[in-house]
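Right, one structure below, let's go through it.
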4 protein chains.
Amino acid sequence: MIVVMKKDASAQEIAAVVERVKQDGYEPHLSEGNERTIIGLVGESPTPLREDNYSSMSGVDRAMRVSVPYKLTSREYHPHDTMVALNGSKAGASKVLVIAGPCSVESREQTIEIACAVKEAGATALRGGAYKPRTSPYSFQGHGEEGLKWLAEARERTGLPIVTEVMEPGLVEMVSEYADVLQVGARNMQNFPLLNAVGASQMTVLLKRGMAATMEDLLMSAEYILAQGDSKVMLCERGIRTFEKYTRNTFDINAIPVLKARTHLPVIADPSHAVGYSEFVTPIALAAIAAGADGLIIEVHPDPAHALSDGRQSLNYDGFKQMMAAVSQVAQAVGRSA
Amino acid sequence: MIVVMKKDASAQEIAAVVERVKQDGYEPHLSEGNERTIIGLVGESPTPLREDNYSSMSGVDRAMRVSVPYKLTSREYHPHDTMVALNGSKAGASKVLVIAGPCSVESREQTIEIACAVKEAGATALRGGAYKPRTSPYSFQGHGEEGLKWLAEARERTGLPIVTEVMEPGLVEMVSEYADVLQVGARNMQNFPLLNAVGASQMTVLLKRGMAATMEDLLMSAEYILAQGDSKVMLCERGIRTFEKYTRNTFDINAIPVLKARTHLPVIADPSHAVGYSEFVTPIALAAIAAGADGLIIEVHPDPAHALSDGRQSLNYDGFKQMMAAVSQVAQAVGRSA
Amino acid sequence: MIVVMKKDASAQEIAAVVERVKQDGYEPHLSEGNERTIIGLVGESPTPLREDNYSSMSGVDRAMRVSVPYKLTSREYHPHDTMVALNGSKAGASKVLVIAGPCSVESREQTIEIACAVKEAGATALRGGAYKPRTSPYSFQGHGEEGLKWLAEARERTGLPIVTEVMEPGLVEMVSEYADVLQVGARNMQNFPLLNAVGASQMTVLLKRGMAATMEDLLMSAEYILAQGDSKVMLCERGIRTFEKYTRNTFDINAIPVLKARTHLPVIADPSHAVGYSEFVTPIALAAIAAGADGLIIEVHPDPAHALSDGRQSLNYDGFKQMMAAVSQVAQAVGRSA
Amino acid sequence: MIVVMKKDASAQEIAAVVERVKQDGYEPHLSEGNERTIIGLVGESPTPLREDNYSSMSGVDRAMRVSVPYKLTSREYHPHDTMVALNGSKAGASKVLVIAGPCSVESREQTIEIACAVKEAGATALRGGAYKPRTSPYSFQGHGEEGLKWLAEARERTGLPIVTEVMEPGLVEMVSEYADVLQVGARNMQNFPLLNAVGASQMTVLLKRGMAATMEDLLMSAEYILAQGDSKVMLCERGIRTFEKYTRNTFDINAIPVLKARTHLPVIADPSHAVGYSEFVTPIALAAIAAGADGLIIEVHPDPAHALSDGRQSLNYDGFKQMMAAVSQVAQAVGRSA
């Protein structure tokens with residue numbers, strides 16, 4: 001069982017619940033977020049658990065049993081779709097959102113140019129990496145804060161909100177000054193201090209599934225953020241690592257409907273990383289929408305052959321426009337819009 | 001380089017090519033199918049390979065270099081889509097084909113009933129297992145030839161062609177007397193004597209990808225069948241084995257467009273096995289069509305809860321009808337029909 | 001529960017058990033092997049299952065509950081180690097057995113030469129493929145029955161028993177005329193007609209784990225053979241398929257002690273396929289012995305660089321001798337001999 | 001090619017090299033560690049690369065081509081084994097090191113007790129987690145700095161150096177005040193800011209392989225640390241994630257000899273996480289030593305059934321003593337000691 005305290009619950013009220021849990025023979029586990037405290041009851045006891053005993057206590061918002069290990073993230077806890085606001089639209093609503101832009105921001109001019117191009121083609125938000133997680137220390141690591149400034153300038157010009165990756169807790173505050181959505185990358189999906197930090201920031205978060213993460217692992221990582229009182233989380237399927245060699249990753253299309261059934265959070269698909277070759281990005285994007293994805297995140301570059309990173313999987317402007325047209329058709333076929 | 005002999009090439013003409021290959025310093029590898037002989041040139045030699053030297057020889061149909069290890073199966077060798085005829089339709093053409101029916105045939109009456117139901121809902125062909133590969137020797141192994149007779153009777157009633165699995169070379173002839181399409185199951189994808197036998201039968205073949213098979217492995221297995229002179233082969237993506245536990249397999253949606261780019265053969269999707277739970281079959285079916293699949297193979301059972309095998313992933317009649325309606329919408333959205 | 005009938009149980013006695021099962025409300029599943037019949041009780045019933053009710057019936061050898069899905073293969077059913085006789089030694093006993101020889105037999109002379117070399121170095125048996133499962137139809141497929149004759153001749157010269165692969169049920173009888181041990185390869189681990197055929201032959205069997213097979217799958221495949229009354233089965237761990245690219249497969253060393261705990265059958269390791277590069281075969285062989293393997297199967301070739309198959313993973317004679325010396329040391333360190 | 005600058009190279013000398021790289025038509029990539037700067041030459045140019053042109057420049061320590069993407073970590077760059085000092089012993093030398101202790105430190109008394117127990121049994125160092133990466137936010141997260149103090153006290157009592165995990169860059173300095181070896185966990189193997197921070201600290205580092213990391217990924221992550229001028233790095237194989245369900249992970253035993261061939265760094269094995277069940281830890285530990293591992297890291301707990309984390313895979317004191325005796329035997333069998 002979990003006991004969710006009210007936002008303004010006092011230390012005394014929390015202590016009273018903790019005391020009651022101990023009296024009932026369970027172990028209280030406190031998760032103290034910025035906004036509210038959640039108390040988990042673990043262990044075994046002869047005393048049967050009754051929600052009423054706790055929900056009636058002062059300062060308690062809700063007490064409930066959740067059969068799955070992720071609690072606040074589950075549909076059991078929160079049956080209705082959570083809508084995450086983005087640029088006047090809502091991830092999780094009928095309209096399919098499209099986040100587009102370069103893998104990494106390379107220059108001020110190019111960033112602005114791409115922003116204008118993807119906006120014209122119908123994108124909802126601009127993606128772009130200023131801090132890049134690279135396998136090799138000798139690869140281009142991103143332009144850092146300067147890159148964030150270019151992104152902010154692109155937002156001023158186009159109105160597109162900015163989705164950009166943050167890689168360490170110490171930079172969450174700074175990156176949040178420029179970004180609208182903090183992206184937690186696949187390699188950091190189980191970087192728990194980072195999850196706590198982005199959750200504490202109360203920013204909107206795009207949480208990417210790790211390469212070897214089960215869907216349950218992904219939901220548990222989202223739980224870290226929700227436990228901080230931040231439920232503006234979009235999950236992102238971006239492909240898992242398998243034995244297949246013709247593609248960069250294996251896009252787990254099953255994850256789209258299965259996650260949607262298990263959690264109330266919106267689910268976004270990243271076909272660019274999932275398949276790794278631009279000529280296959282559109283079919284995979286269409287598949288994701290057909291399977292029920294709430295949005296897409298797509299790498300777009302004016303000249304993919306000369307991109308500083310991930311060029312092989314980036315669409316050029318024409319490719320992106322064509323993808324948007326096709327996405328619109330498929331979205332309508334499944335009762336949505338794009 | 002490969003040298004494809006004419007169907008009526010004489011033993012002498014074949015011997016002459018073999019001799020020439022040796023003179024040029026390469027090793028000849030003969031693949032003698034029922035219908036034609038293919039000679040592969042392997043090894044290294046100072047003599048450069050020239051197609052003309054061979055294509056001009058008596059009895060030779062075609063000589064060509066193919067850069068990939070699968071030859072007849074590749075788009076390099078055969079750039080245009082191969083259409084596989086099925087019930088007046090063609091797998092690989094604009095219309096999306098749907099093969100539907102029970103995992104295993106359970107009784108004469110039920111088989112006929114299901115055939116009528118899936119036909120009414122728009123299916124192109126009837127699937128049903130009479131020989132079942134089961135992990136446990138104590139599980140139901142199928143009704144064997146009696147089951148095939150029920151399928152044949154269902155075909156008489158409905159006109160639907162029969163797709164059914166054959167598990168051993170010694171039964172290919174008998175199963176072919178009842179079946180229209182021989183299915184080679186995932187566990188037998190690299191059962192090479194079986195591939196040779198189904199190829200030699202010149203029957204239409206549905207070849208399923210193995211659980212740990214790369215796309216290249218699948219194409220190489222198709223090559224065994226094509227090397228026997230049988231190009232009526234449909235490939236089938238049915239999910240691969242990964243670490244994910246919420247689904248039965250991981251459907252490799254990437255394989256749909258990637259295989260279509262690499263081979264001229266039609267590609268079918270099996271959402272039932274790919275996800276393993278009936279409530280997710282339709283979204284995965286829609287995803288497959290959106291990604292470019294030429295058809296679907298779907299498990300349908302009147303009472304999934306009491307099916308002798310795979311009930312958890314079978315659609316009931318209503319579910320199948322709803323899936324067909326949704327498939328039709330998505331097919332149109334990508335410029336096809338269903 | 002399973003009911004194992006005596007070898008000489010009459011049809012009437014079997015029918016009586018089946019009748020009793022039905023009366024108790026369960027479904028009887030017959031597994032009729034060459035040597036004995038096993039009746040599995042499946043389904044649910046209000047009547048509690050009692051071993052005594054069945055074990056006291058005429059013609060019944062044993063009735064017992066087994067909690068795991070593999071029954072005859074489990075330690076629950078048969079707690080003591082099964083010893084499989086091989087060349088005067090016993091797989092499963094204290095001495096570590098070594099099966100060595102070429103991937104495929106290439107010529108009469110070479111086969112005899114290798115047999116003499118591996119015997120001198122201490123091998124227990126000779127391996128060699130006459131029927132080769134090859135990914136490509138254009139690769140060397142083995143010398144067939146002629147190759148088996150060479151192996152038989154090598155046995156005459158050296159006294160080493162022959163371990164060789166059989167790939168189809170129709171050839172089990174013929175291959176058994178030459179072989180001492182039938183190998184079922186990784187690609188055929190779930191070729192159930194083949195498992196039934198090798199079980200029915202009552203030959204000694206070396207059953208290799210499939211590339212994507214769980215340990216449970218392997219034990220279930222062994223169950224097919226044991227259900228035919230043939231318990232002379234050696235299991236073989238030869239590496240599974242993963243994302244790792246520096247090696248051919250990933251050797252699942254965990255499988256050695258875990259299988260030994262779950263089954264009474266001997267467990268053999270195949271370091272050659274497991275790692276795929278000759279320079280790493282010895283360390284992996286030593287690891288397998290240290291972990292408790294009952295034997296090794298090793299590819300040896302006089303001139304690996306020119307082998308017709310798998311040269312990259314074959315030891316030459318010197319390498320094999322050095323491996324044997326090292327194996328002997330490690331075997332002693334874990335209380336065994338080699 | 002990479003150009004390694006001397007430790008005391010001036011900014012001017014570095015700039016000169018950068019200038020030369022540009023003149024030659026390549027792109028210079030600077031990796032500025034705490035101790036030295038490395039300049040990588042990337043891209044293509046008509047000017048052939050010559051080591052001499054760079055190694056003769058002022059401030060340059062060494063210029064060399066390395067064919068693999070990891071440079072300082074490779075045996076090409078540094079052919080001899082790197083020895084990492086630990087408690088008077090050296091990881092990478094003949095003696096096999098054993099790091100042992102609880103998964104997480106649970107109390108002052110228990111920490112000291114375990115330290116005494118593992119020391120008596122022959123351990124080289126004490127492991128123990130104060131900051132625990134847990135899948136669930138509601139699981140025990142470790143005692144933090146208080147736990148580090150208990151570890152430091154245990155070191156005072158026993159002389160055993162402390163190996164403990166650090167999870168975020170901001171805590172590297174604080175953790176380094178208590179720890180002798182900083183552990184980077186599997187989930188953080190590609191937490192690049194953390195790798196940079198531990199490298200900059202110049203501490204000894206135990207770097208664990210990620211669950212979906214290839215060996216190359218692991219070597220590239222080590223490269224981040226070495227690029228900071230810190231070569232006191234031990235690699236740790238702890239099992240990868242596969243489809244197998246009978247064990248917690250799949251221990252990639254192949255990685256032991258393959259890594260040893262590719263890098264000069266010592267390689268440690270973690271059988272506890274690799275197999276996940278205490279009854280199989282010893283066989284896997286022996287396998288690792290037989291395959292050439294330079295050491296082991298083992299979870300030990302006085303009462304595994306009541307451990308706050310990972311109890312199922314922890315050895316008790318008796319189990320650890322027996323493992324140490326067996327390890328000693330196998331170490332000697334492969335020409336080492338323990």
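So you know, we letter chains A, B, ... as the sequences are listed, proteins then strands, and number each from 1.
Proximity to chain D (any heavy atom under 4.5 Å) is shown, for C:I256, by neither the backbone nor the side chain. In this structure, chain D has a heavy atom under 4.5 Å from the backbone of C:N249, while its side chain stays farther away. Only the backbone of D:A213 comes within less than 4.5 Å of a heavy atom in chain C; its side chain stays farther off. If you measure heavy-atom distances from D:I284 to chain C, the contacts under 4.5 Å come from the side chain alone. Heavy atoms closer than 4.5 Å to chain C are found nowhere in D:E279, neither backbone nor side chain.
In terms of heavy-atom pairs under 4.5 angstrom with chain D, the leader among C:K260, C:E244, C:Q332 is C:E244. Interface remark: of the candidates D:G335, D:A287, D:S328, D:A287 forms the most heavy-atom pairs closer than 4.5 Å to chain C. Interface summary for chain C: among D:A291, D:G276, D:P271, the most heavy-atom pairs under 4.5 angstrom belong to D:A291. Of the listed residues C:K245, C:R241, C:R262, the one with more heavy-atom pairs under 4.5 angstrom with chain D than any other is C:R262.
Shown here for D:R209 and C:F243, the closest heavy-atom pair between the two residues is NH2-CE1, 4.3 Å.
Between D:T250 and C:T250, some side-chain heavy-atom pair lies under the 4.5 Å cut-off. Counting heavy atoms from C-beta on, the side chains of C:Y277 and D:V258 never come closer than 4.5 Å. Residues D:Y246 and C:T214 have side chains not in contact (no heavy-atom distance under 4.5 Å, counting atoms from C-beta outward).
Without hydrogens or angle criteria, D:Q329 side chain to C:V334 main chain gives no donor-acceptor distance under 3.5 Å.
To the nearest 0.5 angstrom, C:L286 atom CG is 12.5 Å from D:I289 atom CD1.
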